[in-house]
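Report on one structure; see the data block that follows.
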There are 4 protein chains.
Amino acid sequence: MAVLRTRGGDAAPPPGPPAVGSAEDSVPRRLLAHATRLFAEKGFDRTSVQEIVHAAGVTKGAMYHYFDSKDDLLAQIYARVLRLQMTRLEEVAGRGGPVADRVYAAAADVVVTTIANLDDAAIALRSMHQLSAAKQREVRAERRRYHELFRSLITEGQDEGVFTGGVPADIVVDFYFGSVHHLSAWYHPGGRLSPEEIGGHYARLLLDALRPDPARR
Amino acid sequence: MAVLRTRGGDAAPPPGPPAVGSAEDSVPRRLLAHATRLFAEKGFDRTSVQEIVHAAGVTKGAMYHYFDSKDDLLAQIYARVLRLQMTRLEEVAGRGGPVADRVYAAAADVVVTTIANLDDAAIALRSMHQLSAAKQREVRAERRRYHELFRSLITEGQDEGVFTGGVPADIVVDFYFGSVHHLSAWYHPGGRLSPEEIGGHYARLLLDALRPDPARR
Amino acid sequence: MAVLRTRGGDAAPPPGPPAVGSAEDSVPRRLLAHATRLFAEKGFDRTSVQEIVHAAGVTKGAMYHYFDSKDDLLAQIYARVLRLQMTRLEEVAGRGGPVADRVYAAAADVVVTTIANLDDAAIALRSMHQLSAAKQREVRAERRRYHELFRSLITEGQDEGVFTGGVPADIVVDFYFGSVHHLSAWYHPGGRLSPEEIGGHYARLLLDALRPDPARR
Amino acid sequence: MAVLRTRGGDAAPPPGPPAVGSAEDSVPRRLLAHATRLFAEKGFDRTSVQEIVHAAGVTKGAMYHYFDSKDDLLAQIYARVLRLQMTRLEEVAGRGGPVADRVYAAAADVVVTTIANLDDAAIALRSMHQLSAAKQREVRAERRRYHELFRSLITEGQDEGVFTGGVPADIVVDFYFGSVHHLSAWYHPGGRLSPEEIGGHYARLLLDALRPDPARR
DNA sequence: CATGAATGAGTTTTCATTCAT
DNA sequence: AATGAATGAAAACTCATTCAT
C-alpha cells in the first residue's frame, strides 16, 4: 500500500546545485540504509522496528507511513540488490569478445560488487526465509533469471568447447554462487587482499575449473 | 547447569521395554531432533520453545531440565555437527596415498555428509549469529581448526607441485566451503543428481581448479 | 469548530456543472454517507478514519476540514436520524382522528422509516456509547422528547379508555421501541415481508396488546 | 488452544467445606467476571486487555495462559449466557399446563433472567459483531435454536386457537425479543418497578397482543 | 480548500524463563 | 523428573489527530 513516492515532477526544484544530499537523506532512504545495516549486523528477526526508527531518527509512525511493514523494508532491500546485480551481469554478458573473457569478467565483477555491498549480501544470505511466501517467490524468480543468464554463458562456452562439458552448467552456477554468497561470512574490509584481487582469484578458480581436460576426452 | 547425560553405553539396560528404542527416543534426543528440524525449517528466532516441546511431546519444564536455554539447544546442535564433520575430515586426511586423492575424497565426502545432514547445514548457514558471543567464538575456533586441516592438504599439494600455487590456499578453502555451505539453499532430496554425484562434481571442480597450468608457470 | 454548511436552498447555484449533482455529492455529504455505511457494517471503533476518507475519495485533511473529529461524524449521523424520526412522529401525532388511529399510524411509520434507514438504526443500536458524554446527554434528551410524545399518545388513549390502563405507558413505550430498534438485527432487504407489512404487523401487535380487557376491569 | 481446565478429578480436594469461594475466585473466573463488567460498561472495543487484567489483578501473560485472545473472552461470555437462557426456556417449555401459561411463564422469566444478567444482555446487544465470523455463526445457530423453541410455543397456541393467527409466529418472536434485548438500554437497578413486575407487564403485553380478536375472524 | 508527512500514545499478542509443587 | 501457572519485557502495528504548505 505505502509507496515510495518521489515528489511530483511539477514542483519547482530549489535553485542551485541538485539537492543530492537532501535526496539521499530523505526519511525513507535513511530508513532503508539503517535497516540494511542492522539487518546485516544482527539479522532480521533480532532487529526491532524500534531500533531501526531510532537509528534513522524518526518515529514508528513515520516508518509505517512509507513502508507497509517490517517485511516490506526487507523486500525493498532485496529488490534493490537484485536489480543492481542483474544490471551489472547484463552489461558484462552483453559485451562482445570470447566467452571465456565474458565469464571471467562477470565472475570477477560479481565478487567485487558483492564485497562493495557486503551488508546486502549478508542479508540475502540469511534472511530470505523471513520474507512472505509471495515475496520469496518473486525474489526466487528474479534470482533464477540471474542464474539463467550466467548459466547461458557457461553453456555457450561448453558448446564452443572452450569449457569442459564434464560438469552440468547449473551445478557450476550453484557452485560458484555459493562461494560468492559466502563472501559475507568471512570477508573483512581491510584484509590482506583487495576486493579486486579476491575477484581475480575467484574468477581464476572458476575458469580453471572449467578448462577442458585433454586427458579426459 | 543442566547437562545432557547420555546413558553410559556399557551400563546394563533397565529391564522392561527394549532399551534401544528408549535410548534413541530419550527426551533430550527427541528435543534435539525436533529443534533441529524446526530451526532448519523456520529459523531459530521464528521457532518458539513451545513449538519444540509440543513437537517432542514434552512440557517446557522438561526441556529446561535438560537444557539451559533455547540457545543451549542451538549450541548443542552446532557442537554435534562440528564434531561430526571434524571426525570425518580427520579420517580422510589421515589416509595415505597421493594428496590429490585425499583432497578429492575429503571434498566429495563433505558434500555427501552435508547433504545427509541438510537441516544442520541450513542451521549452520543462517543461525550462527543467534549464538551467544562466547559460543560463537567456540564455534568459530572449531571451524577454524577444520579449515586449517583442509588448508594444510591444499598447501601440501601446492608444495608438491601437484596443485597450482597461483591462488592462496585459504582463498581456495573459503571458495570451496562457500559452495558446500550453500548446498542447503538449493539442494532438494530427490533431485536429478544423487548426493554422491554432486559430491563428485564438486570435488572434480575443485581439483580441476587446482590443476597446475603449464602455460602459466 | 468545523461546521457542516449546507448550501442555502435559495441561493443561486454557481454557474458551470449542474448544481444538484454537486450538492448531493458534496464532500461532507459523501463523507457522512460512507461513514454511515461503514459504521453500520463494522461498528464505529472498527472503522478507521482512513477507511472512511478512502471510501469517500478524499484525504484526511479534507475530512478534518469539515468535521471536528471522528466522533463528530457519528454525532452528526445521530442528529440527522433523530431529527428525521422526530419530524415524522410530530407529523403523525398532529393529525386529527381517533387516538388509536394515530398510534397505529405512528407505530407502523416508525417501523417503515427504520427499515428505510437500517444503517442508521444499526448505528443507533450499537454505537451510542462511543459518543462523548455531552453528546450522549443531548441524544438521550432528544430521544426522551421523542418517547414523551409517543407516550402522550398512549396515555391519551388510556385516559379515553380505548387502551388498557393495566400497563404503565412508559413500559409500553420501551416495550415497543425495543422491538423497533431491534429490526436492524434481523431484517434483511428482500425478505418475505415488505417493510409495510412488517410495520402493519408490529402496529397491530401493539394495538392488540393495548386493547382493554373487558374481563380484567 | 487454551482451555479452561478444571483440576484433574483425581487430585485430593482439600478437606473441609467445598472451596466454593476459592473456585469462584480462580484467575479465569475473575478475568471473565471483570471482562463482562467492562465490556458491558464501555463496549468490547473500548475495553483494553490491559484494563481487564488490571481489574482482575493479574498480568497479561496470565490471561493469555487461560484464554486464546480477547475475542475468546467474549466468546466464552456469550457461550455462558446462551447456555443459561436455553436451559431456562427448556425448563419452562417442558412444564405441563395450558400453552398460554407456558408462554406467559417463559416470557416473564426471560425478562427477569435478562435483568439479573444485565451486563451479559448489554454485551449480547452490542458486541456480537466483534466476534470472529466462525463464532458468530455458532452464536447465531444457538440463538436460532432458542427462537425456534419459543416460536414453537406460539404456533402451538395458534393451532389450538388460543392465540391469534393474524401475525406470523416468527414476527411475534422477533417482536418480543427485541423488547427483551432492549431492557439493558433503559433498565436501571432500583427503578420504580421490580424485575418481576416488569416481567409481568412484558408477558402481559405479549399475551394480550396474541389474544384472538373475535371481531376479526 | 486540501494535502500528506509526521507524531506518539495506544493496541493485542508472543515468548523465554522461573518456580512452587 | 516433570508440571503448568505465572511473569514481565518486548514485539509489530494502528490510529486519530496536527500542521506546514
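The analysis underlying the following values was restricted to heavy atoms, covering all of them including side chains, and did not include hydrogens, waters or symmetry mates.
Straight-line distance from the NE2 atom of A:H65 to the P atom of E:dA6: 6 Å, rounded to whole Å. In this entry the distance linking CG of B:L38 with P of E:dA16 reads 12 Å, nearest Å. The separation between D:I52 atom CD1 and E:dG10 atom C1' is 15 Å, rounded to whole Å. When rounded to the nearest whole Å, the span between CG of A:L31 and C1' of E:dA5 equals 13 Å. Atom NE2 in D:H54 sits roughly 14 Å away from atom P in F:dT7 (whole-Å rounding).
Where A:G57 and C:V58 each meet DNA chain E at their nearest nucleotide, the meeting point lying more 5' is that of C:V58.
Pairing each heavy atom of D:I123 with each of D:A40, the nearest pair is CG1-N, 3.7 Å. Across C:L131 and C:Q136, no two heavy atoms sit closer than the pair O-NE2, 3.1 Å.
Base pairing in DNA chain E yields stems of at least 3 consecutive Watson-Crick or G-U pairs, both distances under 3.5 Å, namely E:2-21 with F:2-21.
Partners of D:T59 according to the side-chain contact (heavy atoms from CB on, under 4.5 Å) rule, which considers only residues two or more places apart in sequence or in another chain, are D:A62. Looking at residues two or more places apart in sequence or on another chain, you find a side-chain contact (heavy atoms from CB on, under 4.5 Å) between B:A35 and B:F39, B:I52, B:L73, B:I77. Every residue two or more places apart in sequence or in another chain that forms a side-chain contact (heavy atoms from CB on, under 4.5 Å) with B:R46 is listed here: A:F44, A:D45, A:Q130, B:K42. Every residue was checked against the side chain to side chain donor-acceptor pair (under 3.5 Å) condition with D:S69, not counting sequence neighbours, and none meets it. Partners of C:T47 by side chain to side chain donor-acceptor pair (under 3.5 Å), not counting sequence neighbours: none found. Shown here are the side-chain contact (heavy atoms from CB on, under 4.5 Å) partners of B:A55, two or more places apart in sequence or in another chain: B:H34, B:R37, B:L38.
Within the structure, no pair that satisfies the salt bridge (charged side-chain N to carboxylate O under 4.0 Å, His left out) test touches residues 55-65 of chain D, not counting sequence neighbours.
The phosphate of E:dA2 has OP1 or OP2 within less than 4.0 Å of a side-chain N or O from C:Y66.
Across E:dC1 and F:dT21, the matching C1' atoms stand 12 Å from one another, rounded to whole Å.
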With B for base contact, S for sugar-phosphate-only contact and - for none (protein heavy atoms under 4.0 Å), nucleotides 13-21 of chain F reads BB-BBB---

